[in-house]
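Encoded as structure tokens, the structure appears first; notes follow it.
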Amino acid sequence: MTTESVRILAPTSFHRSMVSRRNFLALGAGMGLVLLGCGDDEVTPAANDAGTPAPGGTAAPAGPVKASGTVALYTWGEYHDPDLVEEASDEIGVTMNVQYYASNEELIAKLEATKGSSGFDLIVPTGPYLPQMIAKELLLKLDKSKIPNFANIDPAYLGREWDPTNDYAVPRDWGSTGFLYDSSVIQRELKTWGDFFDAAANEASGEMSALDTSDNVLGPYFWANGISWNTEEEADLDAAEKFLVEEFAPHIKAFDSYPSTAIAEGAYVLSAAWNGDARQAYVRIADAGGDPEPWKWVLGAPMTEIWMDHYAITADAKNPDGAYAWINWMLEPEIAFRDLSYIGYNMTVKGTEVLAKDAALERLDMIYFTPEQLAAMEGGIVNSAQNRKVEIYNNVKAAAGA
């Protein structure tokens with residue numbers, strides 16, 4: 001394997017071999033959970049649903065589980081360190097074949113349409129979508145004896161309402177949503193989603209991007225107006241459509257779930273973004289020869305989202321043992337830390353926060369949130385308004401012409 005010179009969000013004293021990767025890429029995500037006080041060793045996690053407090057300390061890895069053959073991974077765009085994907089053949093004996101989807105809806109539609117012959121072994125769905133996937137028998141019930149490193153997961157992330165006994169899904173990571181803006185162009189401080197919409201209609205008109213999911217187009221409107229993004233009220237949905245189609249859409253340049261690359265290329269001055277991709281933008285701007293300092297990150301306020309993604313094995317997996325081997329390897333603390341360093345999201349494996357702090361990774365405030373920030377995050381629910389939200393989203397895109 002050829003060693004390449006890379007830039008990472010770490011001080012020059014950081015031992016680069018710990019996080020070997022080619023660049024920073026992003027995750028797409030959907031909706032998630034409410035976690036108060038989440039983290040690892042230095043933050044006391046919330047009790048799990050059974051009321052058992054999470055222990056501190058770093059679990060010792062059980063070592064890699066070996067397998068063979070090819071594992072077809074169907075996942076969010078640019079969500080996995082390509083070096084880890086490449087190393088899997090040597091470390092756990094499997095070749096990873098990675099393909100991408102843009103939304104949970106697309107994932108479910110694909111698996112349902114090809115039930116029994118999807119060709120995928122391993123997927124990465126978001127929490128609230130798991131119940132319908134379980135009900136549709138799209139997922140394999142897990143044999144946890146094949147995942148010895150499951151013990152490395154912080155119990156704060158287990159037992160969530162969408163899979164209370166974690167029989168079908170293994171928590172991987174979680175994050176939130178906000179926006180980035182170029183303060184050399186928008187020369188006032190932006191603090192809230194209301195400020196985001198105001199700047200979009202003024203300084204950033206025609207030079208801004210929205211996230212390319214229905215929930216993340218509608219969510220900021222609801223939060224800016226003190227409304228839960230889980231609302232099912234027709235009046236709320238109608239008001240959101242009127243504002244987003246008539247007043248917001250004309251200013252949108254693009255719907256971009258991974259805007260860090262385009263930001264570095266000078267395409268936007270304001271972008272809604274998930275925290276990991278926003279963090280990656282700083283390195284990409286510098287790598288493109290620009291100055292990242294004028295760019296300011298704002299975690300959405302007064303409310304924003306929190307989501308959690310999981311590994312799950314498809315019911316029609318051709319190589320379930322290979323999928324188990326990959327999941328188990330990803331739950332080793334050092335491997336999870338490399339994963340974290342690449343994607344910039346909070347991992348569920350105990351000890352990764354300590355490793356990140358010991359390595360002095362930069363912009364940790366964009367990965368680890370304060371209790372006050374966590375308290376202002378809202379988990380998503382797949383409810384009766386979902387189809388209406390998708391309809392509004394499509395109408396906003398049509399009005400934007402982007």
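Just so you know, these numbers come straight off a predicted model, no measurement behind them.
The minimum heavy-atom distance linking S176 with W307 is given by the pair N-NE1, 3.6 Å. Minimum interatomic distance between P125 and L130 (heavy atoms only, all atoms of both residues): CG-CD2, 3.6 Å. Heavy atoms only, all atoms of each residue included: H310 and W162 are closest at NE2-NE1, 3.1 Å.
The line from CZ of F222 to OG of S228 is 8.5 Å long, rounded to the nearest 0.5 Å. Put simply, CG on D316 and NZ on K115 are 9.5 Å apart, with the number rounded to the nearest 0.5 Å. T352 contributes atom OG1, which lies 4.5 Å from atom OH of Y368 (distance to the nearest 0.5 angstrom). One distance of note links CE of M303 with OG1 of T177; it measures 12.0 Å at 0.5 Å rounding. With values rounded to the nearest 0.5 angstrom, M330 atom CE is found 5.0 Å from L84 atom CG.
Between the side chains of Y181 and E203, no donor-acceptor pair of N or O atoms lies under 3.5 Å. Side chain to side chain, D83 and Y342 fail the donor-acceptor criterion of an N or O pair below 3.5 Å. Judged purely by distance below 3.5 Å, without hydrogens or angles, the side chains of T213 and D215 never pair a donor atom with an acceptor atom. Remark: the T348 side chain and the D154 side chain contain no N/O donor-acceptor pair separated by less than 3.5 Å. In summary, the side chains of T304 and E378 do not present any donor paired with an acceptor at a separation below 3.5 Å, with no hydrogens or angles considered. A donor and an acceptor atom, one from each side chain of D212 and Y393, are located under 3.5 Å apart.
Among residues two or more places apart in sequence or in another chain, the side-chain contact (heavy atoms from CB on, under 4.5 Å) test is passed with Q99 by Y74, N97, F120. Take D236 and apply the salt bridge (charged side-chain N to carboxylate O under 4.0 Å, His left out) test, not counting sequence neighbours, and it matches no residue.
Ring orientation note: the planes of W329 and W326 are nearly perpendicular, at an angle over 60° on the 30°/60° scale. Taking the six-membered ring for Trp and thresholds of 30 and 60 degrees, F243 and F197 have ring planes more than 60 degrees apart, a perpendicular arrangement.
A cation-pi geometry, defined here as NZ or CZ lying under 6.0 Å from the six-membered ring centre and within 45° of its normal, holds between R172 and Y79. K110 forms no cation-pi arrangement with Y101, by the criterion of a distance under 6.0 Å to the ring centre and an angle within 45° of the ring axis. Cation-pi geometry between K144 and F150 is met: under 6.0 angstrom from the ring centre, within 45 degrees of the axis.
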Go through it in stages, so that I can follow the logic: the residues are E305 and W223, the test is side chain to side chain donor-acceptor pair (under 3.5 Å), and I'd like the CA-CA distance, side-chain angles, deciding distance and then a yes or no. CA-CA 9 Å; E305 75 167 315; W223 296 318; over 6 Å; no
Decide side chain to side chain donor-acceptor pair (under 3.5 Å) for N152 and E332; before the verdict, give the C-alpha distance in whole Å, the side-chain angles of both, and the deciding distance to 0.1 Å. CA-CA 7 Å; N152 293 344; E332 292 186 13; over 6 Å; no
May I have the step-by-step check of ring pair (Phe, Tyr, Trp, His ring centres under 6.0 Å) for F179 and W193, ending in yes or no? CA-CA 9 Å; F179 57 89; W193 288 117; 5.6 Å; yes
